[in-house]
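First up is the structure itself, then whatever we jot down about it.
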Amino acid sequence: MKTWKEIWFPSEYQLLQVQFVHEQAVYHLCNVRKGQIQSIGEKYDTLESLYTATKKTTPIAIHVSGTGVLTRHTAYVQGYKEQLIVNGDKDDFYFNTYHDDSTILVSFFRKKLIEEL
């Protein structure tokens with residue numbers, strides 16, 4: 001069984017960049033070892049080609065960017081997710097947050113944007 005440090009601070013991982021351009025996903029895959037990029041992200045147009053290129057025993061970190069991905073810097077108060085979204089339910093979105101004392105940096109996008117992934 002892996003220790004907590006091995007799970008969260010892997011010496012090697014794959015960085016999967018999912019970029020949405022005109023509602024089409026483009027995938028880039030980078031290999032990272034000890035904080036250094038070993039290979040610049042190759043471009044994949046389909047999930048099938050991406051899947052065959054991934055290392056099955058190496059962790060994958062996913063970064064989503066592009067059209068439909070919003071990032072906001074806001075006060076860290078109760079109900080901040082509801083204040084960020086105007087149309088929809090907070091359960092319809094994926095949120096990634098970074099806390100900085102009394103403020104929070106939030107990136108979010110609709111779940112349906114990457115349901116296939």
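All residue numbers in this chain count up from 1 along the given sequence. Worth knowing before you read on, the calculation uses all heavy atoms, side chains too, and leaves out hydrogens, waters and symmetry mates.
The two residues Ala25 and Phe20 make their nearest non-hydrogen contact at CB-CE2, 3.7 Å. For Phe109 against Gly68, the heavy-atom pair with the smallest separation is CB-O, 3.5 Å. The two residues Gln83 and Gln78 make their nearest non-hydrogen contact at NE2-O, 4.3 Å. Minimum interatomic distance between Ser107 and Thr71 (heavy atoms only, all atoms of both residues): OG-OG1, 2.9 Å.
Contacts of Arg72 classified as salt bridge (charged side-chain N to carboxylate O under 4.0 Å, His left out), with partners at least two apart in sequence or in another chain: none.
The closest donor-acceptor contact from the side chain of Ser49 to the backbone of Thr46 lies under 3.5 Å. Under the 3.5 Å distance criterion, the side-chain polar atoms of Gln14 are left unmatched by any main-chain donor or acceptor of Val32.
By the criterion of side-chain heavy atoms lying less than 4.5 angstrom apart, applied directly or through intervening Ile, Leu, Val, Met, Phe, Trp or Tyr residues, Val69 is not grouped with Val106; the two fall into different hydrophobic clusters. Leu113 and Leu70 are members of different hydrophobic clusters when ILVMFWY side chains are connected at heavy-atom separations under 4.5 Å.
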*asked:* Walk me through whether Leu50 and Leu29 qualify under side-chain contact (heavy atoms from CB on, under 4.5 Å).
replied: CA-CA 8 Å; Leu50 174 69; Leu29 188 64; 4.1 Å; yes

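No side-chain heavy atom of Gln17 sits less than 4.5 Å from a side-chain heavy atom of Cys30. At a threshold of 4.5 Å between non-hydrogen side-chain atoms, the residues Ile85 and Lys90 count as touching. Considering only heavy atoms from C-beta on, Lys43 stays 4.5 Å or farther from Tyr27 through its side chain.
Under a cutoff of 6.0 Å and an axis angle of 45°, Lys111 and Phe93 do not form a cation-pi pair.
Rounded to the nearest 0.5 angstrom, Gln24 CD and Gln19 CD are separated by 12.5 Å. Within the model, atoms CG of Asn31 and OG1 of Thr58 stand 7.5 Å from one another, a figure rounded to the nearest 0.5 Å.
Enclosure of atom CD in Glu82 by more than 12 non-hydrogen atoms of other residues, nucleotides or ligands within 6.0 angstrom is indicated.
Put simply, the residue from Ile62, Val64, Thr54 that forms a side chain to side chain contact (heavy atoms under 4.5 Å, CB included) with Leu16 is Ile62.
Every pair passing ring-ring contact (aromatic ring centres under 6.0 Å, His included) that includes a residue from residues 36-79 is listed here, sequence neighbours excluded: Tyr76-Tyr80, Tyr76-His99.
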